[in-house]
2 protein chains.
Amino acid sequence: MQLEEAQEKFIQSWGTLGSHWGINRTMAQVHALLLVSAHPLSAQQIMDALKISSGNANMNIRALIDWGLVFKELKPGERKEFFVAEKDMWEVVRKITIQRKKKELEPVIRVLNEISEVEENSPEAEEFVKVVEDIRTLAQKADSTLEGLVKSDQKWFVGTFLNLIK
Amino acid sequence: MQLEEAQEKFIQSWGTLGSHWGINRTMAQVHALLLVSAHPLSAQQIMDALKISSGNANMNIRALIDWGLVFKELKPGERKEFFVAEKDMWEVVRKITIQRKKKELEPVIRVLNEISEVEENSPEAEEFVKVVEDIRTLAQKADSTLEGLVKSDQKWFVGTFLNLIK
DNA sequence: TTATATTTTCAAAACCTTTTGAAAGAAGTA
DNA sequence: TACTTCTTTCAAAAGGTTTTGAAAATATAA
């Protein structure tokens with residue numbers, strides 16, 4: 001397979017994966033493009049490569065920067081900005097985990113805490129509390145696990161931790 | 001807080017979480033409704049409770065059954081079908097993991113395997129292969145981890161495993 | 001068989017998210 | 001200052017997904 005074809009496939013595939021992961025398709029494609037680029041790219045180059053508008057490019061580049069997945073790079077003498085991707089995949093996983101934990105898991109845990117204080121004055125209410133407590137336990141465990149993952153380093157995770165689970 | 005208000009909040013919250021997890025909002029709400037119902041519900045009761053159409057209810061109930069998150073229950077003497085949710089949260093997590101692994105992770109791994117066979121006849125191609133290999137390693141580790149999670153039982157996971165990561 | 005209850009299908013409508021591109025803004029240059 | 005280049009904004013358009021509800025299909029009972 002030739003390089004260009006492989007890059008194309010990678011960008012498409014990463015875009016699809018991203019769209020299942022709270023990262024929109026284009027955002028993931030921009031990230032993929034920067035991942036496989038040997039050099040930093042300008043907004044214009046990204047627009048051309050992915051055939052997207054300036055507004056779209058700008059919006060998604062900014063979002064990627066917010067997530068910490070892409071960095072600005074200024075070249076001396078050049079007015080325009082260039083962009084590079086975070087290439088350490090462990091960092092990428094960590095940063096996506098941080099965002100999703102904050103946006104998804106934490107709000108649910110807050111609601112679960114709230115509603116587990118329902119008055120247990122009927123069999124239905126007792127049953128309800130049981131279900132909610134069960135979910136809350138699991139959600140808090142998941143939260144700790146992700147917190148641990150975010151804090152751990154890759155060597156330990158891949159080297160030690162994964163051997164335990166298999 | 002009163003039971004009804006708490007149930008309402010739970011259903012909304014579960015719906016929001018679901019929509020970030022490859023389960024559409026209504027599908028997650030149906031699941032939530034069944035989770036907090038003390039008794040099996042008919043399609044009509046689900047339609048009334050969530051104020052959704054018959055088509056919508058039917059479609060999402062069927063999807064939940066496909067995922068193994070909801071079961072049909074037939075009552076003697078009753079023509080209509082009743083539905084109950086899988087209430088073991090560990091099973092719920094397992095079943096969602098199975099689906100998402102199959103639909104998202106596995107296809108990406110297939111593409112990564114394919115494109116890592118690109119001809120390494122330039123520095124760009126070598127760089128590309130390095131990035132792809134890196135991702136492939138992580139993806140395969142993630143796959144093993146999830147496979148392990150799917151096969152492990154909750155007691156071990158929550159009791160032993162989680163203490164290691166904190 | 002016919003009548004009735006229930007489930008399923010699917011095209012159209014509603015809804016939500018993403019993308020576009022023109023215009024405005026910002027920043028450097030002459 | 002005015003000019004050029006690049007970035008950002010945002011209302012409208014496009015695109016995608018979900019929902020509706022009438023009609024068709026299915027199942028049971030009489």
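A, B, ... follow the sequence lines: proteins, then strands. Residue 1 opens every chain.
- As rounded to whole Å, 15 Å separates atom C1' of C/dT7 from atom CD of B/E78.
- Without hydrogens or angle criteria, B/S37 side chain to B/P40 main chain gives no donor-acceptor distance under 3.5 Å.
- The two residues A/N56 and A/N60 come nearest to each other via the heavy atoms OD1-ND2, 2.7 Å.
- Ring pair A/F10/B/F128 is perpendicular by interplanar angle, where above 60° counts as perpendicular and below 30° as parallel.
- The pair A/E114-A/R110 fails the salt-bridge criterion, with no side-chain N (NZ, NE, NH1 or NH2) lying under 4.0 Å from an Asp/Glu carboxylate O.
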- When every nucleotide of nucleotides 15-21 of chain C is labelled 5' to 3' by its protein contacts under 4.0 Å (heavy atoms), B for base, S for sugar-phosphate only, - for none, what sequence of letters results? ---SBBB
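- Listed for the B/K95 side chain is no donor-acceptor partner under 3.5 Å among the backbone atoms of B/W67.
- Near DNA chain C, meaning a heavy atom under 4.0 Å away, there are no residues from residues 41-50 of chain A.
- Distance alone, capped at 3.5 Å, is enough to place a donor-acceptor pair between the A/T97 side chain and the A/V93 backbone.
- Here C/dA5 presents its P atom at 17 Å from CD of B/E81, a figure rounded to the nearest Å.
- Rounded to a whole Å, the CG atom of B/N58 is 9 Å from the C1' atom of C/dT9.
- Between B/E81 and B/K75 there is no salt bridge, since no side-chain nitrogen of the basic residue lies less than 4.0 Å from a carboxylate oxygen of the acidic one.
- Taking only side-chain nitrogens and oxygens, B/R62 never comes nearer than 4.0 Å to OP1 or OP2 of C/dT7.
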Could you go through nucleotides 25-30 of chain D and list every protein N or O atom that sits under 3.5 Å from one of its N or O atoms, giving the distance for each pair?
unit_1, atom_1, unit_2, atom_2, d
D/dT28, O2, B/R79, NH1, 3.3

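- A donor-acceptor pair is defined here as one N or O able to donate and one able to accept, closer than 3.5 Å; such a pair exists between the side chain of B/R94 and the backbone of B/V150.
- For the pair B/R100 and A/W21, the cation-pi criterion (under 6.0 Å, within 45° of the ring axis) is fulfilled.
- Under 4.0 Å is where a charged nitrogen must lie from a carboxylate oxygen, and between A/K130 and A/E133 no such pair does.
- Checking the phosphate oxygens (OP1, OP2) of D/dC6, a side-chain nitrogen or oxygen of A/K80 falls inside 4.0 Å.
- Residue A/E126 qualifies as enclosed at atom CD: its count of foreign heavy atoms under 6.0 Å is above 12.
- Rounded to an integer number of Å, the gap from NE2 of B/H20 to C1' of D/dT17 is 16 Å.
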